[in-house]
Amino acid sequence: MALEIRGPVGFSPRGMAELSKAYEPGEVEESWYRRWVEAGCFRGDERSDKPAYSIVIPPPNVTGILHMGHVLNNTLQDILCRRARQEGKEVLWLPGTDHAGIATQTKVEQKLREEGTTRREVGREKFLEKVWEWKDHHGGIIIEQLKRLGCSCDWERERFTMDADYSREVLRVFTELFKKGHVYRGKRMVNWCPASLTALSDEEVLMTPQASKLYYMKYELVEEPGTFLQIATTRPETLMGDTGVAVNPKDPRYGHLIGKHARRPFPEADIPIVADEHIDPEFGTGVLKVTPAHDKADFEIGVRHDLEIIDVLHPDGTINCPACPDLDGKDRFEVRKLAAAKLDAMGLLEKVEDYENKVGFSERAGVPIEPRISMQWFLKYPQVERATEVVAKGEIVFRPERWKKTYLHWLENIQDWCISRQLWWGHRIPVWYRKEKAAELREAENLDVSHLEQGDIHVGSEAPENPEEWEQDGDVMDTWFSSWLWPYATMDDATQEKFYPTSDLSTGPDIIFFWVARMIMAGLEFKNEIPFENVYFHSIVRDIEGRKMSKSLGNSPDPLDLIANYGADALRYGLMRIAPTGLDVKFDEKQIEEGRNFANKIWNACRYRQMQGAVEGEPGEPNIFAIDILSKLESLEQRLARALTNYAFNDAAQQLYQFFWSEFCDWYLEAVKGDFRDDADPGRRASTLQVMDRVFERYLQLMHPYMPHLTEEIWEKLACGDEGELLMQRALPTEGASVGFGISDLAKAEARERVVAIYESVSQVRNLKAEYNLAANRNVRLIMKPVGPWVEAERATILLLCGAKEIEFSASYEAPKGTPVAVTAMAEVHLPLEGLVDLEAEKKRIDGEISKVQKELSRSEGMLGNPKFVENAKPEVVQKERERLEEWREKLTQLEELRGALS
RNA sequence: GCGGGGUUAGCUCAGUUGGUAGAGCAACUCGUUUACACCGAGUGGGUCGGCGGUUCGAAUCCGUCACUCCGCACCA
């Protein structure tokens, strides 16, 4: 048989340098990362002829630091990219950061406060300078951390959402959408953050359950003095803004009151009682106080009934009500209590109940938002229909698929996007007003193209000429209004030509609306194409108790500490192994420890190989163990390819683990150890070394995307590739040219059958030894009745694996009564006990075996005895069951004979 | 309320068209034989959340209930 093994010999471990006993990742990782960068391995070449594969990184906040979610997501992307390179693709992984408007501005403002000043004092221009300084100072951190993780991004193409060319595109897009009428301005009820002093989009508001109170108060009826209307509210602090009271028109209790008036206690006013379908008669008293300025639903009721709008809140959440000096200027939550007390004092508070409701919180600032009417810029989303279609029809594939539903549901109920923010850090709205008309235009709703045509306003990426005649809009845009262009605005034309649309996007499901949906719409609108083909939604990393990781809980480990303690490869692998598709992953440091242990296992297996030295002399024919491990490697390669095609990263990780630790180390390496003894056959030794080298070579390749540093280090130490060839650059064999090594299926099947029989027998003998407390005894003697002559040929290996001194083959052996025996597919194996024979123990043991077999047998007989099974089941299933039954029967006969001999 | 997950060994989780329930960790018993104690050998441990249905056969498909998590919309 001719083995198709590359080259006449195996590796020649360079210089036979001693490998350290344990793998030490620290230095190895840093030096390899440097070498990859120097060799240009990460560069995505837009002029390449190879098929393109591209990913844009979900840009982290520029001043952020790496957390476990980043580690998970970026490891996934790195695996995809490294694997794609191995598959012969031209890969671009485009990195960059996001300016993160509110988050960054908040941090800098915080710093200013510590310095005893504020952004208003400093002024817009100076403040922005300070933010840029902050960005330059803190901006590189997360990028450096990604490098420590081993991410193979094309750093020469690193982008920032506030880069000059990127910004220009953001402004251009705004302008285009304005001219198309998609961007408009209007006075609307928006989510207002009293801490950041800006409007927010609906997506930036988190509805959070709150333990609050339901206040039952009473308003006197104007037309019927002495009669009161009971009203329940959670927000007595806004009652000064009440301009109506609403009941359901069908509610029999209140029908007679419609059209009459209630008296607002303070500031005292008579407000109309209106009928509105929106009111739920079941809730509270069935009467709602209507505060159109501070509640979305109330606002709409107000519009329907033409109620007055009275704003009783300042932007910072303090009360604005000069008519009530005792409340004016105080914080909203303080006023809640004060107003309740005041009502109570007036005898208008009936009762207070504990009540749990959901309150919108600002995602960033963590304070309750206020619904507030203000003048803002809005976007009527473009391409909603096509964005629905491309996902519904699978042009863009979501994985796991169920996120599709979430996405489509959001699109169905889509609301216009409030894109203006009352911040300074970000892309400033590119709209200028003529100075003399500025005041008027600022208040003008529906600022449309007509103003443009009349020359009143200027909208465009460039400032107008004669800037002194113009005044620019003060707002900036929502950060996501720049992020949604990320897949293409980060690329120049030539790069887009090669790499756009991108191949895969990997991100968390928490930003499916914020980012993914919007990118799809932007891609369709501005490039007339989908921005990516696949979206992989990864798990959310939680702590071991299932809580979300957060700074305040202190349950979020610093990935850099983990890298320092276990190595980046261990972190990557440990996380991948437990990251299920779409389920949350509960993180435990133990998992990283396992990653480290595995890295060390691979390291030591290689160390063992290296200790054997170069392949010398003419290799002999491959034996059954060689054929078996090579065909297992081949099977690994196929299963891995399938798993990665399906983005089953954890499955792939598990396959890699199982093959190496169990099949290769625990079985194969143990089976071939005899080949390296001084008295071993040189041809066999050479052959085994050669096979080991093939396994290492291919395995390191397959493992590389998961543990890039370790594998690259070993690849070099074992001199696997061609001179100077990096593992990272080495292509996998093309499809079909697998690791079969030209071994026939027949040979594989035969080897497989024999190896399975041997391994099973070895397990049983070890088991017997353990039961008879002989596990440590290497002097045992085994006597076998083999099933065929081939068994005898494997004597040496069986001896080694069983930990025995001697094996005697004898078809006619008659064991002394009570000799422990194992019945296997290879032989009847007797373990003669010198001296002490515990007859009762052996009887009991064999009885146990018999009862196990009988159980299987009766199950099998039951199935086959059922004519419906035989009729209906697939023929191969029936056939398999018959074979099984036969095996059980043989085994039972054998065991019963042995048992009989004991009595 | 609407939608989507989850419930399998003490723990964390696999289980791909229905066909003998698995892994790692933990526990326990052995063991340092020339890779590795970040190791090796072995053992114990599960009515696959409950009930019902389809089927020769269900962890797997359907229905229903329970508990739990996550979105979305909410009643002040």
Side-chain angles (χ1 to χ4, degrees), chain A residues 19 21-23 207 214-215 231-235 238 246 278-291 295 297-298 301 355 357-358 400 402-403 405-406 409-410 413 509-510 512-513 540 542 544 546 566 570 577-578 580 582-588 590-591 593-612 642-643 646 648 650-651 654 657-658 661-662 665-666 669-670 673 676-677 762-763 766-771 773-778 800 803 855-856 859-860 862-863 866-874 876-878 880-881 884:
Chain A
L19 294 184
K21 202 170 170 185
Y23 174 55
M207 297 308 286
L214 196 53
Y215 299 86
I231 305 175
T233 181
T234 53
R235 302 206 62 188
T238 62
H278 175 258
I279 311 305
D280 177 3
E282 302 295 315
F283 187 86
T285 61
V287 186
L288 173 71
K289 74 183 196 64
V290 185
T291 322
D295 185 281
D298 288 14
I301 294 172
Y355 180 66
N357 63 346
K358 281 186 183 169
R402 61 191 158 80
W403 293 111
K405 206 156 185 171
T406 306
H409 181 256
W410 183 75
N413 300 287
D510 47 338
I512 189 167
F513 312 135
I540 303 279
R542 296 176 176 278
I544 194 66
Y566 301 102
R577 187 138 172 263
I578 53 151
L583 268 182
D584 289 350
V585 42
K586 287 187 195 162
F587 176 79
D588 186 347
K590 271 241 165 338
Q591 292 145 350
E593 199 178 313
E594 275 176 45
R596 178 201 58 183
N597 295 353
F598 188 34
N600 191 56
K601 187 75 180 179
I602 298 171
W603 176 260
N604 270 290
C606 294
R607 185 162 159 254
Y608 179 69
R609 164 65 190 91
Q610 201 179 34
M611 286 168 61
Q612 311 311 328
R642 205 177 316 131
N646 294 324
N650 57 338
D651 183 24
Q654 188 54 35
Y657 188 95
Q658 158 76 17
W661 202 308
S662 168
C665 291
D666 289 347
L669 285 187
E670 293 305 322
K673 274 184 175 169
F676 303 133
R677 289 220 288 247
V762 168
S763 287
R766 286 170 176 172
N767 186 338
L768 280 184
K769 283 177 68 180
E771 285 196 39
N773 291 323
L774 296 170
N777 189 341
R778 304 188 69 75
L800 186 68
K855 223 170 119 188
E856 294 296 342
R859 193 195 59 82
S860 200
M863 277 174 86
N866 182 345
K868 286 185 174 171
F869 169 71
V870 181
E871 273 166 41
N872 298 328
K874 277 179 271 181
E876 60 266 31
V877 172
V878 178
K880 208 171 156 191
E881 200 53 45
R884 223 179 265 153

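Only this structure's heavy atoms are used, side chains among them; waters, hydrogens and symmetry mates stay out. All chains are named by letter (A, B, ...) in the order of the sequence lines, taking the proteins before the strands, and each is independently numbered beginning at 1.
- The CG-C1' distance, from Asp666(A) to rA37(B), rounds to 14 Å in whole Å.
- Summarising the geometry, the separation between CZ on Arg577(A) and C1' on rC38(B) is reported as 14 Å, rounded to the nearest angstrom.
- At least one cation-pi condition fails for Lys601(A) and Tyr657(A): the charged atom is not both under 6.0 angstrom from the six-membered ring centre and inside a 45 degree cone around its axis.
- Put simply, CD on Glu771(A) is 15 Å from C1' on rC28(B), counting in whole angstrom units.
- Distance noted for atom P between rG10(B) and rC2(B): 36 Å (whole Å).
- A donor-acceptor pair under 3.5 Å is formed between the side chain of Asn604(A) and the backbone N or O of Lys21(A).
- The nucleotide whose nearest atom lies closest to any side-chain atom of Arg402(A) is, among rG5(B), rC75(B), rC36(B), rG5(B).
- Atom-to-atom, CD of Gln654(A) to C1' of rA14(B) comes out at 8 Å; the value is rounded to the nearest Å.
- Evaluation of the ring-ring contact (aromatic ring centres under 6.0 Å, His included) rule for Tyr215(A) yields no partner, not counting sequence neighbours.
- For Lys673(A) (side chain) and Leu800(A) (main-chain N/O), no donor-acceptor pair under 3.5 Å exists by modelled atom type.
- The base of rC25(B) has none of its N or O atoms less than 3.5 Å from a complementary donor or acceptor on the side chain of Lys590(A).
- The residue among Asn773(A) and Lys289(A) whose nearest nucleotide of RNA chain B is located toward the 5' end is Asn773(A).
- Nearest nucleotide to the Asn604(A) side chain, out of rG19(B), rC36(B), rA76(B): rC36(B).
- Here the C1' atom of nucleotide rG5(B) and the CG atom of Asp510(A) are 16 Å apart, to the nearest Å.
- Nucleic acid contact for Arg677(A): base, since at least one base atom lies under 4.0 Å from a heavy atom of the residue.
- Nucleic acid contact for Arg766(A): sugar-phosphate only, since backbone atoms but no base atoms lie under 4.0 Å from a heavy atom of the residue.
- Comparing the P positions of rA26(B) and rA41(B) gives an interatomic distance of 15 Å, to the nearest angstrom.
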Is there any protein nitrogen or oxygen under 3.5 Å from a nitrogen or oxygen in nucleotides 69-74 of chain B, and what are the pairs?
residue : atom : partner   : partner atom : Å
rA73(B) : N6   : Lys358(A) : NZ           : 3.1

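- Under the side chain to side chain donor-acceptor pair (under 3.5 Å) criterion, His409(A) pairs with Asn413(A), sequence neighbours left out.
- By the side chain to side chain donor-acceptor pair (under 3.5 Å) test, Asn357(A) pairs with Ser212(A), sequence neighbours left out.
- Considering only side-chain N and O atoms, Lys21(A) lies under 4.0 angstrom from the phosphate OP1 or OP2 of rC36(B).
- Among the atoms of the strands shown, only primed sugar atoms or phosphate atoms (P, OP1, OP2) are found under 4.0 Å from some heavy atom of Lys586(A).
- Checking the phosphate oxygens (OP1, OP2) of rG4(B), a side-chain nitrogen or oxygen of Lys405(A) falls inside 4.0 Å.
- Summarising the geometry, the separation between CD on Gln610(A) and P on rC36(B) is reported as 14 Å, rounded to the nearest angstrom.
- In this view, Trp410(A) and Glu203(A) satisfy the side chain to side chain donor-acceptor pair (under 3.5 Å) rule, not counting sequence neighbours.
- Rounded to an integer number of Å, the gap from Lys769(A) NZ to rG40(B) C1' is 13 Å.
- You'll find a donor-acceptor pair under 3.5 Å spanning the side chain of Glu670(A) and the base of rA35(B), going by distance alone.
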Per-nucleotide protein contact along nucleotides 53-63 of chain B, 5' to 3', at a 4.0 Å heavy-atom cut-off (B base, S sugar-phosphate only, - neither), is ---B-------
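- For the P atom pair drawn from rG6(B) and rG49(B), the interatomic distance equals 12 Å after rounding to whole Å.
- Contact between the side-chain N/O atoms of Tyr215(A) and the OP1/OP2 oxygens of rA76(B) is not found at any separation under 4.0 Å.
- Arg884(A) and Glu881(A) are joined by a salt bridge, as a carboxylate oxygen and a charged side-chain nitrogen come within less than 4.0 angstrom of each other.
- Proximity of Asn767(A) to the phosphate of rU43(B): a side-chain N or O atom is located under 4.0 Å from OP1 or OP2.
- Note: Trp603(A) and Tyr23(A) have tilted aromatic rings, judged against thresholds of 30 and 60 degrees for the angle between ring planes.
- At a threshold of 4.0 angstrom between heavy atoms, the contacts of Ser860(A) with the nucleic acid are absent.
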